[in-house]
Amino acid sequence: LQFLNIVEERVQNLLEPGCHAHDREVLASARGIHVRSVHAEELKGQAQALGLYRHGKQLLHSLERYHGVDATASCSILTLTLTQSPPATRKSSEPALVSTLHLVTLPGAERLALDRASLHMTEGALKHRSITSFADQVKALAGRRGVESVPTRDSKLCRMLGDALGGNSRLICAVTLRSGQRDASLAALQVATQLSKVTCYPVVNNAVARGLYALLRADLKALQLDMH
């Protein structure tokens, strides 16, 4: 389990004390996208998972209360990775099955109703980059044709989600509407509508498939670097 928060392009580990000072680097390697110096907590049961989640939520609230973090300018990613090993009665060479669940919270979606230029001028270019880049990425993915490649937008949120957007995944979107805020609610609904149009390609995630995908990702990255 991992619980991360992104505010003004700074990645914070909500499972570590003093996370208000964190600025973790997002890296790409042969094994995929990962965050430097952030290690997943190995779970021994449901109670431990709930305890870690509540601990992370408390740290998130303290960031907003004591460190001046604007809740509408941050987004959180709770990641749960499940590994199913083959029963002992089967062949030991049979690969394990791996699934990853990302729960992403974007409380600043209502900012999409505002003019981008004015928003950047009054609040800074980094403050809402996560949500604006996410909206741009979703729009591009919703409009792509077939398996057309769509470049990842320049934000840590989009890079960290990686294949979860329009790749080997299934997408579910839940929207909270605010009474009396028509434009903000409409902007959030527009992103949700576009997200529903994104085509994904879910496959069985065993160790062999994940390894092959990692190699293909590394080859594609090297090719992109050669082209530039």
Side-chain angles (χ1 to χ4, degrees), residues 1-7 10-67 69 71 74-107 130 134 156-165 167-174 176 200-215 217-218:
L1 183 143
Q2 287 185 345
F3 200 1
L4 304 174
N5 187 57
I6 305 175
V7 56
R10 290 183 293 111
V11 181
Q12 304 162 328
N13 185 1
L14 293 175
L15 300 183
E16 288 186 5
C19 63
H20 64 279
H22 290 177
D23 187 7
R24 304 302 192 200
E25 184 180 4
V26 180
L27 304 173
S29 67
R31 65 187 180 95
I33 305 296
H34 61 281
V35 180
R36 185 188 296 275
S37 301
V38 174
H39 305 285
E41 295 286 343
E42 187 172 344
L43 301 177
K44 297 181 180 179
Q46 180 180 350
Q48 183 186 7
L50 290 174
L52 289 172
Y53 171 74
R54 290 168 181 158
H55 174 71
K57 290 293 289 185
Q58 289 175 352
L59 280 180
L60 184 59
H61 291 155
S62 70
L63 288 175
E64 299 168 1
R65 182 176 300 178
Y66 301 113
H67 297 283
V69 173
S74 66
C75 58
S76 61
I77 307 176
L78 178 69
T79 301
L80 184 63
T81 302
L82 305 174
T83 302
Q84 180 182 348
S85 300
T89 55
R90 298 184 182 178
K91 295 181 180 179
S92 59
S93 60
E94 185 175 345
L97 301 179
V98 181
S99 295
T100 301
L101 173 67
H102 296 293
L103 297 177
V104 184
T105 305
L106 298 169
S130 289
F134 177 83
K156 290 186 177 180
L157 173 64
C158 291
R159 291 177 60 197
M160 289 168 62
L161 290 178
D163 201 39
L165 285 177
N168 180 14
S169 65
R170 295 184 184 276
L171 296 174
I172 299 176
C173 181
T176 301
C200 298
Y201 303 89
V203 297
V204 176
N205 270 333
N206 60 38
V208 176
R210 289 171 67 88
L212 178 59
Y213 179 76
L215 289 174
R217 181 191 291 273

Kindly check if the number of other-residue, nucleotide or ligand heavy atoms within 6.0 Å of CD1 (I172) is above 12?
no

V26: which of R36, R159, H34 passes side-chain contact (heavy atoms from CB on, under 4.5 Å)
R159

Contact between L14 and L63 at the side-chain level, heavy atoms closer than 4.5 Å - yes or no?
yes

With side chains defined as the heavy atoms from C-beta onward, is the minimum distance between L1 and Y53 less than 4.5 Å?
no

Could you state the interatomic distance from CD (Q48) to NE2 (H55), rounded to the nearest 0.5 Å?
12.0 Å

To the nearest 0.5 Å, tell me how far H102 NE2 sits from T81 OG1.
7.0 Å

Minimal heavy-atom distance between F3 and N13, with the atoms involved, is O-OD1, 3.5 Å

Near E25 CD, under 6.0 Å, is it more than 12 heavy atoms from other residues, nucleotides or ligands?
yes

Do M160 and V11 have side-chain heavy atoms sitting under 4.5 Å apart?
yes

Which heavy atom of L157 sits nearest to which heavy atom of S130, and what is that distance?
CD2-O, 3.7 Å

Non-hydrogen side-chain atoms of I33 and L161 separated by less than 4.5 Å
no

Minimum heavy-atom separation for Q12 and H20, please, with both atom names.
NE2-O, 3.6 Å

Quick check for you: to the nearest 0.5 Å, what is the distance between S76 atom OG and L60 atom CG?
6.0 Å

For a quick test of reading the model, state the closest non-hydrogen atom pair linking E16 to H22 and the distance between them.
OE1-CE1, 3.3 Å

Determine whether L101 and L82 make a side-chain contact, defined as any pair of heavy atoms from C-beta on separated by less than 4.5 Å.
no

Report yes if some heavy atom in the side chain of C19 is under 4.5 Å from a heavy atom in the side chain of N5; otherwise report no.
no

Is the side chain of R24 donor-acceptor paired with the backbone N or O of V38 at a distance under 3.5 Å, no angle test?
no

Would you indicate whether the side-chain heavy atoms of L43 and L80 approach each other to under 4.5 Å?
yes

Using atom types as modelled and distance alone, determine if a side-chain donor or acceptor of S169 lies under 3.5 Å from a backbone N or O of A164.
yes

What distance separates T105 OG1 from I6 CD1, expressed to the nearest 0.5 Å?
11.5 Å

To check you understand the geometry: which heavy-atom pair defines the closest contact between L106 and C75, and what is its length?
CD2-CB, 3.5 Å

